[in-house]
Number of protein chains: 2
Amino acid sequence: MPGSGGDPGFAEIFAALGDPTRLAIFDRLSDGQARSIASLSNDADMTRQAVTKHLRVLEMAGLVESHRIGRESRYAFCPDRLALARAWLDHVAGRWDSALMRLKSFAEQSSD
Amino acid sequence: MPGSGGDPGFAEIFAALGDPTRLAIFDRLSDGQARSIASLSNDADMTRQAVTKHLRVLEMAGLVESHRIGRESRYAFCPDRLALARAWLDHVAGRWDSALMRLKSFAEQSSD
DNA sequence: TCATTAAGCAACCTCCCGGTTGCATTTAAT
DNA sequence: ATTAAATGCAACCGGGAGGTTGCTTAATGA
């Protein structure tokens with residue numbers, strides 16, 4: 001919603017995306033295929049534990065869901081919070097655009 | 001661009017937005033009016049120095065521009081990186097949607 | 001049954017982030 | 001000329017983020 005710059009919820013979402021590793025994981029999961037921690041750890045130059053922590057951050061932010069199957073826990077993309085983040089950015093961009101519009105119409109009116 | 005989950009540039013943008021104070025400042029500036037540090041400090045429950053640091057982070061990420069006028073430095077909204085961030089989120093959301101589409105068509109085909 | 005694989009938990013470490021205080025500097029106002 | 005306002009710079013601090021290692025436990029496979 002408008003004027004929600006102070007809402008800590010949005011900040012949490014962006015903060016979760018504010019790390020190259022997490023961004024890569026999130027991007028990777030966006031193809032719809034759920035993956036195990038071990039699988040995601042293979043192409044991240046760090047320990048499985050580190051990847052686990054990143055996944056927890058993404059999950060806390062609601063960007064990702066996990067469910068255990070047998071001995072492995074699979075993480076899956078979760079679109080809801082992503083939509084929220086997009087809506088917020090759209091709102092800000094829209095406000096900026098309308099500010100530009102007002103400025104433009106004022107300039108045109110002045111030069112009449 | 002696609003497959004750019006590992007690009008540190010995007011992470012920097014999201015990280016800059018990943019703090020309630022900076023989010024509020026960015027939202028505030030989106031009305032097109034440039035503001036001084038002192039002005040922005042008035043409605044943030046912290047020191048002017050803290051606000052200054054936050055503004056530097058936003059500026060480093062390219063979300064905001066500053067120029068000095070007389071004794072005060074005014075910070076202004078900067079739409080380019082915002083557009084980049086929106087494009088990245090759109091890309092991820094699009095990939096997710098097409099994954100859903102494939103899944104749906106597969107399900108329909110299977111049930112034929 | 002026994003070895004292996006996937007993961008969880010906990011302790012630890014380093015470094016940076018968010019925030020503060022104190023002081024110096026430049027510009028504006030009186 | 002003096003005073004006040006707006007900012008910059010540097011040092012400092014506590015806590016949490018990002019990462020590692022070591023050990024334990026649960027599930028799979030041979």
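Treat the numbers as computed from the prediction; the structure is a model and nothing was measured. Letters go in sequence order (proteins before strands), and every chain restarts at 1.
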In this structure, how many angstroms lie between the [atom2] atom of [N] and the [atom1] atom of [X], rounded?
X	N	atom1	atom2	result
B:Met46	C:dG18	CE	P	10 Å
A:Ile69	C:dT5	CD1	C1'	16 Å
B:Arg74	D:dA5	CZ	P	17 Å
A:Asp45	D:dG18	CG	P	17 Å
B:Arg71	C:dA28	CZ	P	7 Å
A:Met60	D:dG18	CE	P	15 Å

**OP:** Write out all pairs satisfying side chain to side chain donor-acceptor pair (under 3.5 Å) with one or both partners inside residues 31-44 of chain A, taking only residues at least two apart or from two chains.
**Re:** A:Arg28-A:Asp43, A:Asp31-A:Arg35

Original post:
How close do A:Ala50 and A:Met46 get, heavy atom to heavy atom, and via which atoms?
Top reply: CB-SD, 3.5 Å

Subject >> Check: A:Val51 and A:Ile25 side chains under 4.5 Å, non-hydrogen atoms >> reply: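 Of all side-chain heavy-atom pairs linking A:Val51 with A:Ile25, at least one is under 4.5 Å.
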
Subject >> Within residues 31-39 of chain B, residues whose heavy atoms come under 4.0 Å of DNA chain D >> reply: B:Ser36, B:Ile37, B:Ala38

Original post:
Considering only heavy atoms, which members of residues 61-68 of chain B lie under 4.0 Å from some atom of DNA chain D?
Top reply: B:Arg68

Subject >> Sequence-distant partners of B:Arg71, side chain to side chain contact (heavy atoms under 4.5 Å, CB included), two or more places apart >> reply: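 Partners of B:Arg71 by the side chain to side chain contact (heavy atoms under 4.5 Å, CB included) criterion come out as none, since no residue qualifies.
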
**OP:** List for me each residue that meets side chain to side chain contact (heavy atoms under 4.5 Å, CB included) alongside A:Met101, sequence neighbours excluded, and say none if there are none.
**Re:**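 In terms of side chain to side chain contact (heavy atoms under 4.5 Å, CB included), with neighbours along the sequence ignored, A:Met101 is linked to no residue.
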
Residues in side-chain hydrogen bond (donor to acceptor under 3.5 Å, both in side chains) with [X], at least two apart?
X	result
B:Glu72	B:Arg74
B:Ser73	none
B:Glu59	B:Ser66

Donor-acceptor pairs under 3.5 Å, side chain of residues 80-87 of chain A to any protein atom, not counting sequence neighbours: which ones?
from: A:Arg81; atom 1: NH1; to: A:Ala61; atom 2: O; distance (Å): 3.3
from: A:Arg86; atom 1: NH1; to: B:Asp90; atom 2: OD1; distance (Å): 2.5

Original post:
So does A:Ser73 get a side-chain nitrogen or oxygen closer than 4.0 Å to the phosphate oxygens (OP1/OP2) of C:dG8?
Top reply: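 Checking C:dG8 against A:Ser73, a side-chain N or O does come within under 4.0 Å of OP1 or OP2.
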
**OP:** Report yes if a side-chain nitrogen or oxygen of A:Thr47 is closer than 4.0 Å to either non-bridging phosphate oxygen (OP1 or OP2) of D:dG19; otherwise report no.
**Re:** no

Rounded to the nearest 0.5 Å, what separation is found between the [atom1] atom of [X] and the [atom2] atom of [Y]?
X	Y	atom1	atom2	result
A:Leu40	A:Leu29	CG	CG	5.5 Å
A:Leu63	A:Leu55	CG	CG	11.5 Å
A:Leu17	A:Glu12	CG	CD	11.0 Å

Subject >> Whether A:Arg22 side chain and B:Ala11 backbone form a donor-acceptor pair below 3.5 Å >> reply: no

Subject >> Pairs touching residues 47-84 of chain A that satisfy ring-ring contact (aromatic ring centres under 6.0 Å, His included), sequence neighbours left out >> reply: A:Phe26-A:Phe77, A:Phe77-B:Trp96

Original post:
Can you tell me which stems DNA chain C forms when a stem means 3 or more consecutive Watson-Crick or G-U pairs under 3.5 Å?
Top reply: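 When the pairs of DNA chain C are grouped into runs of at least three, the stems are C:1-30 with D:1-30.
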
Original post:
Looking at DNA chain C, which of residues 49-59 of chain B put a heavy atom within less than 4.0 Å of it?
Top reply: B:Gln49, B:Ala50, B:Lys53, B:His54

**OP:** Check every atom of D:dG8, D:dG18, C:dT20 against the side chain of B:Arg48 and return the nucleotide holding the closest atom.
**Re:** D:dG8

